[in-house]
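I have placed the structure first, in the form of structure tokens, so that the comments after it can refer back to it.
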Amino acid sequence: MDEYKRIKGTQDIYGSEIDYWNQVEKTAKSILEKYAFKELRTPIIEPTELFNRGIGNETDIVKKEMYTFEDKGGRSITLRPEGTAPAVRAYIENSMINSGLPIKLFYFGPMFRYEKPQSGRLRQFHQFGAEIFGSDYPLADAEIIIMLNNILSSVGLRNYRLKINSVGCPKCRAEYRKALKEYFGKYLGEMCEDCQSRYEKNPMRLLDCKVQKDKEYAREAPSILDYLCEECRDHFANVKKYLDLSHVIYEVDSRIVRGLDYYTKTAFEFEHLDLGAQAVIAGGGRYDGLVEEIGGPSTPSVGFGMGVERVILAMKAEKVQFLCENDVDVYIVHSGKGTEEQALELTSKLRSDGIKAYISVVKRNMSGQFKHANKIGARLSIVIGEDELTNNFYTVKNMVTGDQSQVEKEWVTDIIKEKLEGI
RNA sequence: GUGGUUAUAGUUCAGCGGUAGAACGCCUGACUGUGGAUCAGGAUGUCGUGGGUUCAAAUCCCACUAGCCACCCCA
């Protein structure tokens, strides 16, 4: 029996699975850098208070999903449930403002949320995220969305859609809440229990209810978009204009309400069409009040978070193909007295010439070495046996066609490189 | 946190009261300097854990744990 098992909601990532991860990480990173975002690495643990303040005490994340514990010094520590609050903390703590605004940062790493696992939902999951600190300009919102769209499509995804909304600023939202409560007040008695409690806590969530009957009430509910102040309305119009100009297709959905309290104005979600219940592969928005909330100077900002596991699920659902480099170019097969030393030297030489060379680190006869070479997908093999040793040449074999040829020692690297080109 | 469902070899699964099976994978050989195809052998499980019923439990009952899926919520 296995004595030790993975913690619930965590995964070991290995084998062919890791190819998907490398593909996503590689393309995301290269695009992020193309847009001049610079990587930020923050600790996985943070003071609990950062999230209480940043995400909001009333959110589900803070109320029931945080991995919080006390360290030996009696401090309350939390495993980060998301990346924005830590990024903001780092921005303030390191006075990044002094290197000139805006600051464009991206991050990648594990996040932790104590939830019941299901498809597309884990207790330890991974996010790519990016933030632009110090711009209230709609072009910043647009850049974030365009870039994210760019990442998703570059990773090979097609079957997804973008939904955007404006959740307004504290000024217009207050008006809107009042209107919502007035509207739903009439039907409250007939609505589900959850909605009854949402009514007081977070009336905007009423729009989001999945209960069929409630959905119908929600359809007729007043829209935030009719309550936006002039500034918010202009901002939203401009964001949409830039998306149109960039040929990014979107759908305005006034029911999008994000689960983190810090969002203002722009809020958006990328939803994949072939996924189960957890279909949001990325989301984000503007958070003009957050930096100040956490103790920094007023700094309007926008960002996104993208769930790597969900993106990979989507890639599989769409059967996305991608090139994945061979682990081994050349397998050095050796057999007979004195060949081992030669084989080792040759392997080292090829490796320093930039070729992925493999020498068996397990004792195997010639047949066994070929079998293994085949199994690990080596494209070529080089044989060093007694013949080769006495007559001073190498035998190079194409593992796909089975062709073999004799090669003068001094030309191996060139010939190997040439042959690899042709496969 | 709530609900549904599942748990047998490395993997996918069959067996559903009488002392563990298949396929694939893995290892060995046919092939003493050659892999992939074929053929022949072989290894591997306290049948998720703990309890109960029974002469007898992988099989029936209960609890727990874990996986999957959905709700809630989110990436």
Side-chain angles (χ1 to χ4, degrees), chain A residues 1-11 15-16 24 55 58-65 80-84 108-129 148 152 192-195 197-198 202 205 208-211 256-260 269-272 275-284 303-314 331 333-336 339 360 362 364-390 395-404:
Chain A
M1 253 334 77
D2 300 336
E3 203 162 344
Y4 299 108
K5 294 165 92 179
R6 258 176 284 132
I7 298 291
K8 191 188 182 98
T10 64
Q11 285 183 315
S16 58
V24 173
I55 301 173
E58 277 309 306
T59 59
D60 277 25
I61 295 180
V62 170
K63 272 191 357 210
K64 46 188 200 194
E65 293 172 6
R80 62 179 182 199
E82 59 105 41
T84 300
F108 166 69
M111 305 294 163
F112 303 84
R113 257 119 99 159
Y114 193 89
E115 293 200 84
K116 191 150 172 180
Q118 73 186 71
S119 178
R121 178 202 276 165
L122 294 155
R123 288 187 174 178
Q124 176 176 338
F125 62 100
H126 297 74
Q127 281 188 342
F128 257 101
L148 179 51
L152 295 173
C192 73
E193 271 179 46
D194 285 335
C195 283
S197 69
R198 286 177 188 133
N202 191 351
R205 287 235 152 271
D208 217 26
C209 187
K210 306 291 189 298
V211 177
I256 288 190
V257 189
R258 312 242 63 235
L260 298 85
E269 287 180 354
F270 281 83
E271 194 181 82
H272 194 92
L275 259 31
Q278 314 302 326
V280 176
I281 52 179
F304 77 80
M306 177 184 97
V308 175
E309 284 85 352
R310 288 188 186 176
V311 166
I312 290 173
L313 241 33
Y331 198 108
V333 174
H334 63 89
S335 162
T339 58
S360 179
V362 135
R364 284 192 154 100
N365 60 23
M366 193 174 271
S367 166
Q369 290 177 66
F370 272 106
K371 251 183 207 171
H372 189 229
N374 191 57
K375 197 183 135 193
I376 63 179
R379 293 188 287 167
L380 298 173
S381 56
I382 296 178
V383 185
I384 304 178
E386 276 159 20
D387 258 17
E388 285 81 355
L389 209 57
T390 44
T395 300
V396 174
K397 176 169 182 169
N398 181 324
M399 295 299 284
V400 182
T401 61
D403 297 341
Q404 280 189 194

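Letters go in sequence order (proteins before strands), and every chain restarts at 1.
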Rounding to an integer number of angstrom, what distance separates [N] and [M] when you compare their [atom1] atoms?
{"N": "B:A30", "M": "B:G36", "atom1": "P", "answer": "13 Å"}
{"N": "B:U19", "M": "B:A56", "atom1": "C1'", "answer": "10 Å"}
{"N": "B:C39", "M": "B:A23", "atom1": "P", "answer": "12 Å"}
{"N": "B:G67", "M": "B:G15", "atom1": "P", "answer": "26 Å"}
{"N": "B:U49", "M": "B:A22", "atom1": "C1'", "answer": "27 Å"}
{"N": "B:G10", "M": "B:C47", "atom1": "P", "answer": "12 Å"}
{"N": "B:G42", "M": "B:U5", "atom1": "P", "answer": "42 Å"}
{"N": "B:C69", "M": "B:G50", "atom1": "P", "answer": "28 Å"}

Nucleotide nearest [X] when distance is taken to its side chain, options [options]:
{"X": "A:P117", "options": "B:C27, B:A75, B:C68", "result": "B:C68"}
{"X": "A:A277", "options": "B:C71, B:G36, B:C73", "result": "B:C71"}
{"X": "A:K116", "options": "B:C73, B:A66, B:A70", "result": "B:A70"}
{"X": "A:K375", "options": "B:C71, B:C27, B:U34", "result": "B:C27"}

*asked:* For a quick check, tell me whether the side chain of A:K397 and the base of B:G35 share a donor-acceptor pair closer than 3.5 Å.
replied: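 Looking at the base of B:G35, it does pair with a donor or acceptor on the side chain of A:K397 (distance under 3.5 Å).
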_For B:C73, does the base pair up with any side-chain atom of A:R113 as donor and acceptor (N or O, under 3.5 Å, distance only)?_
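In this structure, the two groups form no donor-acceptor pair.
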*asked:* When both hydrogen-bonding distances must be under 3.5 Å and the geometry is Watson-Crick or G-U wobble, what is B:U65 paired with, if anything?
replied: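 Partner of B:U65: B:A7.
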*asked:* At 4.0 Å (heavy atoms only), tell me whether A:G83 reaches a base, stays on the sugar-phosphate, or touches nothing.
replied: nothing
*Identify whether any heavy atom of A:Q11 sits under 4.0 Å from a base atom; if not, whether one sits that close to sugar-phosphate; answer base, sugar-phosphate or nothing.*
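Result for A:Q11 = nothing.
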Is [X] close enough to [N] that one of its side-chain N or O atoms is under 4.0 Å from OP1 or OP2 there?
{"X": "A:K8", "N": "B:A66", "result": "yes"}
{"X": "A:S367", "N": "B:G35", "result": "yes"}
{"X": "A:S119", "N": "B:C68", "result": "no"}
{"X": "A:Q278", "N": "B:C74", "result": "no"}

*For the pair made of CD in A:E115 and P in B:C74, what is the distance, rounded to whole Å?*
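Going from CD in A:E115 over to P in B:C74 covers 9 Å.
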*Expressed in angstrom and rounded to an integer, what is the separation of A:E82 atom CD from B:C73 atom C1'?*
15 Å
_CZ-CG distance between A:R310 and A:L122, expressed to the nearest 0.5 angstrom_ =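 One finds 9.0 Å between CZ of A:R310 and CG of A:L122.
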*Applying the side-chain hydrogen bond (donor to acceptor under 3.5 Å, both in side chains) test to A:Y331, which of A:H372, A:K397, A:Q369 qualifies?*
A:H372
